[in-house]
Number of protein chains: 2
Amino acid sequence: MIEKFLNLSMDKQERIINAALKVFSQQGYEQASTNEIVKEAGISKGLLFHYFNNKKELFFYLYGYAVEQLMNEFVAKLSRDEKDIFMKLRQAVLLKFDLIQRYPDVFDFLKTAYFENCAEIKPELEHYNKELMASGYSTIFHNIDHSLFKEGIDVTRAIQIIFWALEGFGLQQQEKWKANRYEDINMDEVMEEIDQYMHILKQAFYRQ
Amino acid sequence: MIEKFLNLSMDKQERIINAALKVFSQQGYEQASTNEIVKEAGISKGLLFHYFNNKKELFFYLYGYAVEQLMNEFVAKLSRDEKDIFMKLRQAVLLKFDLIQRYPDVFDFLKTAYFENCAEIKPELEHYNKELMASGYSTIFHNIDHSLFKEGIDVTRAIQIIFWALEGFGLQQQEKWKANRYEDINMDEVMEEIDQYMHILKQAFYRQ
DNA sequence: AGGGCATTGACCACGGTGGTCAATTGGCAT
DNA sequence: ATGCCAATTGACCACCGTGGTCAATGCCCT
């Protein structure tokens, strides 16, 4: 079944994958129609169900693909031995923005999958999602040097605050970007803005 | 049409409103079925369409109701002359949690309405949502005393950070509460946790 | 008794769904 | 050329739930 799909030429695989990612991420599992997917991919309905037994199987194949595509790169590129939380988070954000720009549909798919509500897939999905988040967080927060912080500061909470600040900033940016296409974004400006926030927090929390 | 609805006894109005709020907030506009709403409200289909011309009209009536119920109270209770951003945000969060507990469905409705994607209502809705957020933010950030901050600090960004920290904390809590019923929550513990974060930020940003 | 509003729920046309399968195509070995 | 088999098509299916209607009924007041 699915071996047939894997024997396809790479670009045909990708055409189908991208079409499905797009439709699922725009409509959510239940609303996403296989009709729209095949139209978007430029193949016939029959062929899709020749490769995947049913909608659910297709969805979870995509989920696996997306996780592999994004998370593996994320975990791989985030340097394991960076001990400065600011540098680490800066790196993580940069990487995240890079991934969003390079694989917008993959990223969106994972995001909507995270909030998926459909009963048919929710339980299974929730389990995977938890693992995913946990591995992401551990990659970020592992091996952080607490001794760089001012004495008497609650380091765990301080780190949490730094993280929330970056998360908030990220969401604010995404709100701004809704209209624009990703290419038109001046990443230098964005990073400079981030660094301003980091600077404030560094002065607040780090030994001078 | 709708005058007939307004002439109903309060508790019947509320039964219908609550049913509709619940279904809309759980399923989103398009997925929400009028069948389910009337079943939940314990009335017949015909009656619903006797009060509201169509689904859309019902939805926007609910939206107005929800805004009135929540925002008016929020704006009214948030003291206009509090100049300390920490006190103001503490008040705002407390108020927000209180509203979530007292009107969970109303709150959820507004939240899902904010992320609504359905083309039939999105444009109109987006407009209202923007106004809503703007008025909320201005209520919070108006009349803040910048002179309480340490010299040389970028106050605007510092305030932003404080806000993001609280927002992040709030989201983290909501994640935790997903399982629990709102009544089982120990609000004192939550507030104490908040105060710990506030304390850290205060030390970081305020003149001592 | 009867006028008139509140209320019912069976009914409708419709659109779209996930999935199937007999028929066709296309490429390759003979 | 021929035969063969896998890749591919798209018309087709049964099904479901939808938003909305409307003739009929219930109920209350005069």
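What's counted below: heavy atoms across the whole structure, side chains too, no hydrogens, waters or symmetry copies. Each chain gets a letter, A, B and so on, in the order its sequence line appears, and its residues count up from 1.
With sequence neighbours excluded, the residues forming a side-chain contact (heavy atoms from CB on, under 4.5 Å) with A:N117 are A:K122, listed by chain and number. Here A:F169 pairs with A:Y197 under the ring pair (Phe, Tyr, Trp, His ring centres under 6.0 Å) rule; sequence neighbours left out. Annotation: ring pair (Phe, Tyr, Trp, His ring centres under 6.0 Å) contacts of B:F59 (sequence neighbours excluded): B:F24, B:Y29, B:F109. Remark: A:Y114 pairs with no residue by the ring pair (Phe, Tyr, Trp, His ring centres under 6.0 Å) rule, at least two apart or across chains. By the ring pair (Phe, Tyr, Trp, His ring centres under 6.0 Å) test, A:Y61 is found to be paired with A:F5, A:F52, residues two or more places apart in sequence or in another chain being considered.
A ring-ring contact (aromatic ring centres under 6.0 Å, His included) check over residues 74-98 of chain B, counting only residues at least two apart or in different chains, returns the pairs B:F86-B:Y206, B:F97-B:W177. Note on residues 2-24 of chain A: pairs passing salt bridge (Lys or Arg N to Asp or Glu O under 4.0 Å), not counting sequence neighbours, are A:K22-A:E40. Every pair passing side-chain hydrogen bond (donor to acceptor under 3.5 Å, both in side chains) that includes a residue from residues 128-142 of chain B is listed here, sequence neighbours excluded: B:Y63-B:N129.
By the 4.5 Å heavy-atom criterion applied to side chains, A:F107 and A:K96 are counted as neighbours.
The bend of the helix from C:dA1-D:dT30 to C:dT30-D:dA1, defined by the angle between the axes of its first five and last five pairs, stands at 10° to the nearest 10°.
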(request) Spell out protein contact along nucleotides 7-29 of chain D as letters: B when the base is contacted, S when just the sugar-phosphate is, - when no protein heavy atom is under 4.0 Å; keep the 5' to 3' order. (result) SBBB-------SBBBB-------

Could you pull out the protein-nucleic contacts involving nucleotides 22-25 of chain C (nitrogen or oxygen on both sides, under 3.5 Å)?
none

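Atom-to-atom, CG of B:N7 to C1' of C:dG4 comes out at 16 Å; the value is rounded to the nearest Å.
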For a quick test of your reading: what N or O donor-acceptor pairs under 3.5 Å do the side chains of residues 32-39 of chain A make, sequence neighbours left out?
unit_1 : atom_1 : unit_2 : atom_2 : d
A:S33  : OG     : A:N35  : N      : 3.1
A:S33  : OG     : A:E36  : N      : 3.0
A:N35  : OD1    : A:K45  : NZ     : 2.9
A:E36  : OE1    : A:Q27  : NE2    : 3.1
A:E36  : OE2    : A:Q27  : NE2    : 3.2

